[in-house]
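The structure appears below as structure tokens.
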Amino acid sequence: MSSKSNTSDRDEHGPHAKRPRKGGLSYANQGLKTDVDFLSRGDSDRPIAVILTPLRERQQQILSRNLKAAGAKILQFDERKSEDEQPATEGLVVVTDNPKKARRVVENREETMKNVVFVETKWATRVLAEQRWVPIQPYVLEQTKATQHESSTVPESDEINLDTALEASSKSRKNADTLPVWCRKKTCENSDIAEKREFLEGLPRFLCERCTITQAIYEAPNNELCKLLEIIEKKRRLEQAGGSEAEADIRARAYRRASAALKCVPFKLQTVQDAQALHSLGPRVLSIVQEYLMNGTVREVQLMETDHRLRILTQFQSVYGLGYVSARRYYDELRITSMDQLVEKSSRDESSEANVLVRYLGYIDKLAHLRWKDAVAVVDMVSQAANVTGEDDLHLRFQLCGGFRRGESSGHDVDILYCRQEKYAHDCSSVMKELISRLERTGLIVKVLRESSDTNGWNEVRYHARSSRAIFRYAHDVVHAIAKYKGCFFRLDLVGVRDAFEFCFTTISWSGSTPFQRDLRWWCEKKKGWTFNEHGVFDRESGQRVKLNPEPKSEMDVFAALGLTYRAPFERSC
DNA sequence: AAAAAG
DNA sequence: TTTTTGA
DNA sequence: CGAAAC
């Protein structure tokens with residue numbers, strides 16, 4: 001898109017403008033047609049400058065990277081003063097969670113700045129979610145004008161400070177000239193029903209074409225409903241609703257898909273009609289949605305809390321090695337009706353089946369959820385242990401995947417991928433055994449629950465899955481283990497990619513989320529006639545590897561080669 | 001359970 | 001109405 | 001080889 005055409009209709013991008021609808025995608029552009037520089041035109045022709053302060057580190061990283069990509073100029077203000085490069089920018093937006101502190105920081109830094117506007121981080125999130133300019137007015141926290149501070153007596157406490165500022169802001173809001181252009185326009189509320197409906201209907205069919213930005217940073221607006229739907233999903237699986245396991249799975253999955261679809265909606269659903277406009281919500285799910293909107297609760301969900309069997313099954317099913325089938329068998333046939341009984345009886349069980357279970361159950365009461373920060377630290381430890389031991393360097397690179405890569409704040413397991421560094425990529429031998437032993441020696445891995453076999457020697461593997469008939473040279477090395485960090489135990493999954501060129505496909509696959517992956521693979525099948533898996537892309541007919549050019553080296557390359565708009569990991573949390 | 005294909 | 005739903 | 005689990 002040329003910048004010239006932008007200039008001509010710049011005014012129409014303001015808060016209130018009734019913009020001409022482009023291809024039916026008005027509310028947000030979650031489809032393929034992305035206006036990359038939608039933040040680059042603010043007041044005059046200067047880019048909009050955005051300061052992020054003070055925010056949690058991870059949030060700041062994510063917002064900063066993406067606002068910049070959208071064309072905004074990012075000014076990093078931390079406590080210590082940095083150097084020069086003053087932006088003589090008119091429109092300065094300060095994105096912050098703490099207006100008082102932010103104001104102090106900004107004032108210390110810069111006297112010449114005019115028209116500073118403090119906005120909630122929600123604004124930035126929405127801008128990115130909708131991929132377009134969003135009026136900041138409803139999100140404004142406080143407005144500061146340098147001239148007004150000088151005239152007013154210096155207030156000591158923050159409370160007073162805030163009060164006067166608010167007063168000033170309401171005055172200056174009327175005084176249009178002192179404000180950046182986007183503030184001069186009147187409020188544009190997102191309660192415009194027609195616009196909402198149009199947005200919902202305009203969402204692309206496949207989850208891999210949408211983005212879910214709010215998930216990683218904030219609780220999404222429809223989070224409560226999503227959680228309820230996911231509880232119903234679990235319940236349907238536990239109860240084996242609908243006869244066979246497969247039928248239960250298909251029906252349960254519909255609820256998961258509905259939840260996933262809702263996670264791409266940047267505003268809170270008010271009516272069933274809103275929900276109806278969404279893809280993958282049919283009559284059954286809508287009746288649940290209606291129940292929720294009317295009562296705030298769903299009876300089927302409450303059963304999960306009241307019913308003893310369902311409660312115990314839920315506990316069992318969370319144990320490594322126990323799926324829905326085994327959980328039911330233990331409860332219904334073996335009459336094991338509590339976690340304590342499970343621990344006791346399985347320890348007396350001699351079968352090899354129970355072996356893994358026992359290994360895991362030994363840690364059951366010590367297992368803890370990790371925070372994002374810890375997961376990142378764990379990757380560091382793994383990397384250290386693998387490469388710096390005074391022994392031969394394994395030349396590995398590591399990649400955090402799973403929920404933590406998508407920016408989720410906590411999780412019960414850490415997924416780490418590894419392969420040889422580029423210089424050593426020709427070597428496809430397995431290092432799994434060596435890596436495990438090094439991690440055991442450093443004390444990170446406490447117990448190996450399961451590891452893939454045949455890692456020695458050539459190990460050429462041909463997979464002839466019925467549906468794909470795909471062929472690849474090496475199976476991935478997989479380790480499921482229990483690890484210990486800071487006195488906490490948790491599940492650690494390691495995946496070794498022996499053909500290093502497959503790494504970008506493996507990274508996409510292991511970064512999830514599950515619904516995102518399903519739709520990505522389904523999209524490949526439908527739109528391209530290709531089969532996508534953790535090894536690469538294969539032609540459905542011939543089973544041959546599809547030669548993508550240029551050969552993808554990163555996730556971004558893969559999206560590009562497929563013809564999909566790139567979605568950052570945190571945009572895949574559906 | 002929902003949507004696409006037949 | 002039948003088929004498909006990730007690998 | 002198929003079921004179950006991840």
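Just so we're on the same page: letters track the sequence lines, and every chain starts at 1.
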To the nearest 0.5 Å, what is the distance between CG (A/N222) and NZ (A/K263)?
11.0 Å
A/R257 and A/E233 ion-paired at < 4.0 Å:
no
Classify A/V319 by what it touches in the nucleic acid, base, sugar-phosphate, or nothing, heavy-atom distance under 4.0 Å.
sugar-phosphate
Look at all strands and tell whether A/V478 reaches a base, only sugar-phosphate, or nothing, counting heavy atoms closer than 4.0 Å.
nothing
Pairwise P distance for D/dC6 and C/dT5, with rounding to whole Å
24 Å
Under 4.0 Å between a Lys/Arg side-chain N and an Asp/Glu carboxylate O for A/E245 and A/R237?
no
Mind checking if A/R205 touches a base, just sugar-phosphate, or nothing, with heavy atoms under 4.0 Å?
sugar-phosphate
If you assign each of A/R236 and A/H279 to its closest nucleotide in DNA chain B, which residue comes earlier from the 5' end?
A/R236
Qualifying side chain to side chain donor-acceptor pair (under 3.5 Å) pairs, either residue in residues 277-296 of chain A, two or more places apart:
A/E224-A/Y292
Sidechain N-carboxylate O distance under 4.0 Å for A/R438, A/E434:
yes
Could you grab the distance from atom NE2 of A/H480 to atom CD1 of A/I482, nearest 0.5 Å is fine?
12.0 Å
Would you call A/R491 and A/D493 a salt bridge, taking side-chain N to carboxylate O under 4.0 Å as the test?
yes
Charged N to carboxylate O below 4.0 Å: is that the case for A/D249 and A/R236?
no
Among the nucleotides C/dG6, C/dA7, D/dA4, which one has an atom lying closest to any side-chain atom of A/N533?
C/dA7
Remember a base hit wins even if backbone is also touched, and classify A/T514 as base, sugar-phosphate or nothing at under 4.0 Å, heavy atoms.
base
Among the candidates D/dC6, D/dA4, C/dA7, find the nucleotide nearest to the side-chain atoms of A/E525.
C/dA7
Under 4.0 angstrom, heavy atoms only, what part of the nucleic acid is A/L281 near: base, sugar-phosphate, or nothing?
sugar-phosphate
Any base atoms under 4.0 Å from A/R284, or only sugar-phosphate, or nothing? Heavy atoms, all strands.
sugar-phosphate
Note: contacts of residues 247-256 of chain A with DNA chain C (heavy atom, under 4.0 Å) are A/I250, A/R253
Please classify the nucleic acid contact of A/R329 as base, sugar-phosphate, or nothing, using heavy-atom distances under 4.0 Å.
nothing
Quick one: how far along DNA chain B does chain A reach, first to last nucleotide 5' to 3', anything under 4.0 Å to a heavy atom?
B/dA1 to B/dA4
What is the ring orientation for A/F316 with A/Y330, classed by angle as parallel under 30°, tilted 30 to 60°, or perpendicular over 60°?
perpendicular
Rounded to whole angstrom, note down the P distance from C/dA7 over to B/dA5.
16 Å
